[in-house]
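Following: one structure in C-alpha cells, then a few remarks.
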Amino acid sequence: MLWIKAFHIIFVTSWFAGLFYLPRIFVNLAMIERNAPEAERARLLLMARKLLRFMGPLMVLALVFGLWLWLGYGIGTGSGWMPTKLILVAALLGYHGWCSRLLRAFEAGRNIHSHVWYRVFNELPVLALFAVVILVVVKPF
C-alpha cells in the first residue's frame, strides 16, 4: 500500500505543478499586445499545448492511484472528510477542463479575460490544494 500511496502523491504533485503553471502561461498570453511579434504568441501557445498534453496522463495516474487507495485499501471509507475531498477532486477535474477550453479560446484568438483575471484564476488550485492536504492529514471531520 505504501508504494501506491507514494505514486499517488507523486502524480498528484506533478499534476498540480501543471495546474499551477498553465494559467501563468495564460497570464503571459493575455498580456501580449496586439502588435507584439506573432512568434512570441506562437511560442507561448506551443508551451501551453505541450503542458496540457503532459498534464492529462498525470491527472489520470493520480486518479487511478487515488481510487486504488480508496476502493482497494479502504482509505477514507466511512470518514467524513472523504466526500469533501472527492468534491474538491471533481472541482479540480473541472478546472483542468476549463484550462483546456481557455487554451482553445487563446488559439482561436477569442480570449475575453484580462491578465488580472488569469492571476486570480491561477490561485484556485492553490486553495484546493490547501483544503485537500488539510482534509487528508488533519481529518477535521
Side-chain angles (χ1 to χ4, degrees), residues 1-34 36-141:
M1 176 183 62
L2 293 179
W3 281 101
I4 306 306
K5 205 181 271 192
F7 284 123
H8 178 59
I9 292 168
I10 289 165
F11 290 119
V12 166
T13 304
S14 300
W15 178 38
F16 264 94
L19 290 176
F20 293 156
Y21 192 64
L22 184 58
R24 296 305 302 170
I25 296 174
F26 294 163
V27 168
N28 291 325
L29 279 164
M31 289 176 63
I32 290 177
E33 302 279 333
R34 292 275 184 225
E38 179 59 29
E40 181 181 359
R41 183 177 180 279
R43 181 180 50 83
L44 288 169
L45 285 172
L46 178 65
M47 289 170 57
R49 271 192 301 275
K50 285 184 175 187
L51 181 57
L52 185 64
R53 218 172 319 142
F54 185 69
M55 289 166 55
L58 296 170
M59 174 190 68
V60 169
L61 288 167
L63 290 171
V64 165
F65 284 104
L67 286 170
W68 193 345
L69 288 168
W70 180 39
L71 301 174
Y73 291 102
I75 291 180
T77 303
S79 300
W81 58 268
M82 184 55 90
T84 307
K85 179 189 174 194
L86 293 174
I87 290 168
L88 288 168
V89 169
L92 287 164
L93 293 171
Y95 184 88
H96 185 113
W98 195 1
C99 284
S100 181
R101 284 198 339 259
L102 290 169
L103 177 56
R104 284 194 303 272
F106 271 114
E107 290 173 326
R110 294 184 325 235
N111 173 50
I112 59 170
H113 303 293
S114 71
H115 68 93
V116 175
W117 187 89
Y118 285 107
R119 289 176 195 279
V120 173
F121 179 75
N122 188 51
E123 301 308 321
L124 297 176
V126 174
L127 298 174
L129 179 63
F130 269 85
V132 168
V133 169
I134 289 168
L135 285 169
V136 173
V137 175
V138 177
K139 297 175 180 52
F141 45 86

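- Looking only at distances, no side-chain donor or acceptor of R104 sits under 3.5 Å from a matching main-chain atom of C99.
- The salt bridge (Lys or Arg N to Asp or Glu O under 4.0 Å) test applied to E107 returns R49, not counting sequence neighbours.
- Remark: L63 engages M59, V89, L93 in a side-chain contact (heavy atoms from CB on, under 4.5 Å) (not counting sequence neighbours).
- Residue pairs meeting the salt bridge (Lys or Arg N to Asp or Glu O under 4.0 Å) criterion with at least one partner in residues 74-83, sequence neighbours excluded, are absent.
- F141 CZ: more than 12 foreign heavy atoms inside a 6.0 Å radius.
- Between the CG atom in L67 and the CH2 atom in W70 there is a gap of 7.0 Å [rounded to 0.5 Å].
- Contacts of V133 classified as side-chain contact (heavy atoms from CB on, under 4.5 Å), with partners at least two apart in sequence or in another chain: L129, V137.
- Annotation: side-chain contact (heavy atoms from CB on, under 4.5 Å) contacts of S79 (sequence neighbours excluded): W81.
- Atom CZ of R53 is separated from atom CG of L103 by 10.0 Å, given to the nearest 0.5 angstrom.
- Taking W117 as the reference, W98, H113, F121 meet the ring-ring contact (aromatic ring centres under 6.0 Å, His included) condition, with sequence neighbours excluded.
- Partners of Y118 under the side-chain hydrogen bond (donor to acceptor under 3.5 Å, both in side chains) rule, at least two apart in sequence or in another chain, are N111.
- Applying the side-chain hydrogen bond (donor to acceptor under 3.5 Å, both in side chains) rule to R119 yields the partners H115; only residues at least two apart in sequence or on another chain are considered.
- Every side-chain contact (heavy atoms from CB on, under 4.5 Å) that Y73 has, sequence neighbours left out, goes to M1, I4, W68, L69, I75.
- Across all their heavy atoms, A128 and L92 have their closest contact at CB-CD2, 3.7 Å.
- Of the inter-residue distances, the one linking M31 atom CE with S114 atom OG reads 10.5 Å to the nearest 0.5 angstrom.
- Summarising the geometry, atom CZ belonging to F106 is positioned 10.5 Å from atom CD1 belonging to I112; distances are rounded to the nearest 0.5 Å.
- You'll find the side chain of V27 stays beyond 4.5 Å of the side chain of V116, heavy atoms only.
- Remark: H8 engages no residue in a side-chain hydrogen bond (donor to acceptor under 3.5 Å, both in side chains) (not counting sequence neighbours).
- Sorted by first and then second residue, the salt bridge (Lys or Arg N to Asp or Glu O under 4.0 Å) pairs with a member in residues 132-141 form an empty list; sequence neighbours excluded.
- Here the straight-line distance linking atom NZ of K5 with atom CZ of F65 works out to 14.5 Å at 0.5 Å rounding.
- Scanning all heavy atoms of the two residues, the minimum distance from V136 to K85 falls at CG2-CD, 3.8 Å.
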If you look only at distance, which donor and acceptor atoms sit under 3.5 Å apart when one is on a side chain in residues 10-26 and the other is two or more places apart or in another chain?
unit_1: T13; atom_1: OG1; unit_2: I9; atom_2: O; d: 2.7
unit_1: S14; atom_1: OG; unit_2: I10; atom_2: O; d: 2.9
unit_1: W15; atom_1: NE1; unit_2: H96; atom_2: ND1; d: 2.9

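- Here T77 contributes atom OG1 and M82 contributes atom CE; the two are 6.5 Å apart, rounded to the nearest 0.5 Å.
- Within the 4.5 Å cutoff, the side chain of N28 has no heavy atoms near those of the I32 side chain.
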